[in-house]
Amino acid sequence: MTIKSLALASALALLPAAAQAAEPTAADAKAFVADAEAQLSAYSDKAQRVFWVNATYITDDTDAMAADAGAEGTLLQVKLAKEAAKFNTVTGLDADTARKLFLLRQAIVLPAPDAPGAAKELAEIATRLQSTYGKGKGTARGKDVVGNDLEALMGTERDPKVLQEMWESWHAVGKPMAGDYARLVEIANAGAKELGFADTGAMWRAGYDMPAADFEKLIDRLLAEVQPLYTDLHCYTRTKLNEKYGDAVQAKTGPIRADLLGNMWAQEWASIYDVVAPKGAGDVGYDIGELLVSKQMGPIEMVKAGENFYSSLGFAPLPATFWTRSQFTKPADREVVCHASAWDIDNKDDLRIKMCIKVNSTDFVTIHHELGHNYYQRAYNKQSLLYLNSANDGFHEAIGDFAALNVTPEYLVKVGLLDQAKVPDASRDIGLLLRQAMEKVPGMPWTALVDKWRWGVFSGATKPADYNKAWTDLRLKYQGIVPPVPRPADAFDPGAKYHIPGNTPYARYFLARILQFQFYEAACKQAGWKGPLHRCSIYGDKAVGTRLNAMLEMGMSKPWPEALKAFTGSDQMSGKSMLAYFAPLHTWLKQQNKGQKCGW
Ligand code: ASP
Ligand code: SER
Ligand code: ZN
C-alpha cells in the first residue's frame, strides 16, 4: 500500500483574481492549476506528518489530530474539484492543464458534500475505523493475540479448531464498524454526487484514462482470462486439504473452508505449500524464511537485501533518513497500524516504510513490495504535484511485486542466501511454480471481488442490512470459499480486512497482479533471457533498470497506456504474461485434477 493524502483547507481565496471573471480563459485555467498545486503541496507536507504519527502511535489525541487533518484535506480537495469543474467548457487548454483539471475533479478517495460538518464527520469516522482495525485483537487457544501476530499464525497453525477460533475471533473485529461504515458510504456518496458522479464507486472507476463502464468490463475480461487457472489450483488444493483433514473438515467437492488456506482472507496460500506439495518434485529444497533465520538476518538486514536488489538495477541507495524514520518492527509499548505501507512524507526524499516485520518469507516479499513504492515515489519526484503518482494505481502496487518475482534460487545464490549445491534443478520446476502460484493466483478472484463489493455498496445495490451477506456471497462466487462457521446477523466481515476500514481502493491490487507479470516478462526479454520465465532474474541488469526508471519517472503525467508501452512495448493490460509464467504448472494441474469435479 502507498500513502497518498493530498488536500488542504486553507481560508485563502482559491481562485486567482483573473479566474473569477465571468468567462474563464485557458490562461486562467493554467493559473488556477498552479495555485491548486501549491495549496495541495502545502497541505500534504503538513498532513503526512500527522497521519504518520497517528498510524505509528494510536491514541485518542493522535486520532483527533488525524481527523482534523483529514477533514481539512477533504474540504480542500472538494473545493478545488468544484473550482476545477468551472473550466469544463474552456477551449484551447494545453494537454497538461486539461489532465490536471481532470485529476483535480476526480482523484479524491472519499469526498464530502458541502453541508456544514460533513467533512469533519467523515474524517472522524475514517480515523475511528482505521484505528479500530489497528488496535484489533483475536484469540488463539484462548489467548489474546494482536492482528499482525494472528496473521502470521494463520500461516503456521494446522489445527482446524484453532484456525476456526482465530478466523472467527478476528472477524469479530469488524462488527463494531458496521454502523460507521454505512454512514461513511452515505456521506461520501453525497460528496460524489455534488462532484457530478453517480456515487463514490463510479468516481473511483473513472480514474483509469477510459470511461468508467469500460473499466468494469476490463476487470471482468482480465479476470475471465486467469480464472481457469485459479479454478484448477482451487481443485487441486481442495483435494490435498481433504486428504490432510478428512471429509468432516474439508469435503472433496464444493467450496473450501476459508480458514484452511494459510491466510486470514484466503488471499495468498503459499504458507500451506507444505500441505499441497507433491512428493519428490514438490521438494523445492529451500524456504526463504528458513534461509533468513539460518543466516541470522533480522528485519533491517531483510530491508537491506531489498535495497540491494534495486541498487543492482542502478537506483541510488535509500536516503539516510529512511533508516532512522521508518517503523520496521512493532513497538512494544503502543498501538500502531501494522498493515505495511510506504510513505513519501515531503514528496521528495523523506521516504519511509511502516511495517511490523517478521523474519519470514511473506515479509521478505512485502519489503520488496513497499520499497517498490518508495523507488517509484523518488523516481517521479521532479514532476509537479498532481503528477506525483503512478501511471494508474495498479502500477504503484506492481513495481515491488515485479521486483520480488526476480527472487529466484539463482538470485539467492548470488546474494549469498542459498548455497549453490542447494539450487533446485529443473525436476523441481513444478514445485517452484506451484509455490509461486499459491502466492499469486488466489489473489486474482480476491482482489477483483473486494471492490466489486464496495462498488455495490456505494451504488446502493447492496443495502447495509445485506453488507455481510453480499460479502460472503462474493467470496463464494469468485473464490469458492466459505466461512468456517455460520456468520451472526450482526457480523461485518469486510471490516476485518484492512483496506475496508482503511478506505484504500482495491482494484489496484488486481491490476498489479496482472501488471507485475507483464513487467517481468518484458524485463526478461530486454535482458535476453532464454530459459523458463520463472527462472529469470534481472538482478544486476542496469540497462533494464534504466528503462524501468524511464517509466517510473513519468509519474502520472501521461495516460497509463503510454507508460506501459514505454517499458513493455504494449499499451494493453493482459493476463497473458501471467498465464505464460504458469503454463507448465497449469498443464500439470489439469493432469492432477483428472477425474475430479472441479469448481464449486
Ligand atoms: N501493504 C501491502 C499492500 O497493501 C501489503 C502487501 O502487499 O502484502 O499493498
Ligand atoms: N497488499 C495488499 C493486501 O494486503 C494486497 O496483497 O491486501
Ligand atoms: Zn502496496
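Remember, it's 1-based here, ligands and their atoms both numbered in the order they're listed.
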Please check whether Q267 reaches ligand 2 - meaning an N/O of the residue sits under 3.5 Å from an N/O of the ligand, judged on distance alone. yes
Between ligand 2 and Y506, is the shortest N or O to N or O distance under 3.5 Å? yes
Strictly under 2.8 Å, is any N, O or S atom of M1 next to the Zn ion (ligand 3)? yes
Ring center gap for F582 and F517 short of 6.0 angstrom: yes
Is it possible for you to check whether R205 lies under 6.0 Å from the centre of the six-membered ring of F215, through NZ or CZ, and within 45° of that ring's axis? no
Which atom of K330 lies closest to which atom of V336, heavy atoms considered: CG-CG2, 4.4 Å
N, O or S atom within H373 nearest to the Zn ion (ligand 3), by name: NE2
Measure centre to centre between the rings of Y376 and Y380, then say whether the value is under 6.0 Å. yes
Checking one value in my table: which N/O/S atom of E397 lies closest to the Zn ion (ligand 3)? OE1
Number the atoms of ligand 2 from 1 as they appear, then name those within less than 4.0 Å of a heavy atom of Y509, with their elements. 1 (N), 2 (C), 5 (C)
Can you say whether the rings of W600 and H234 are parallel (under 30°), tilted (30 to 60°) or perpendicular (over 60°)? tilted
Can you tell whether the side chains of R513 and E268 come within less than 4.0 Å, N to carboxylate O? yes
Is any N or O atom of K497, backbone or side chain, closer than 3.5 Å to an N or O atom of ligand 2? yes
Examine the proximity of ligand 2 to E397 and report which part, side chain or backbone, both or neither, has a heavy atom under 4.0 Å away. neither
Decide, counting backbone as well as side-chain atoms, whether H396 has an N, O or S atom less than 2.8 Å from the Zn ion (ligand 3). no
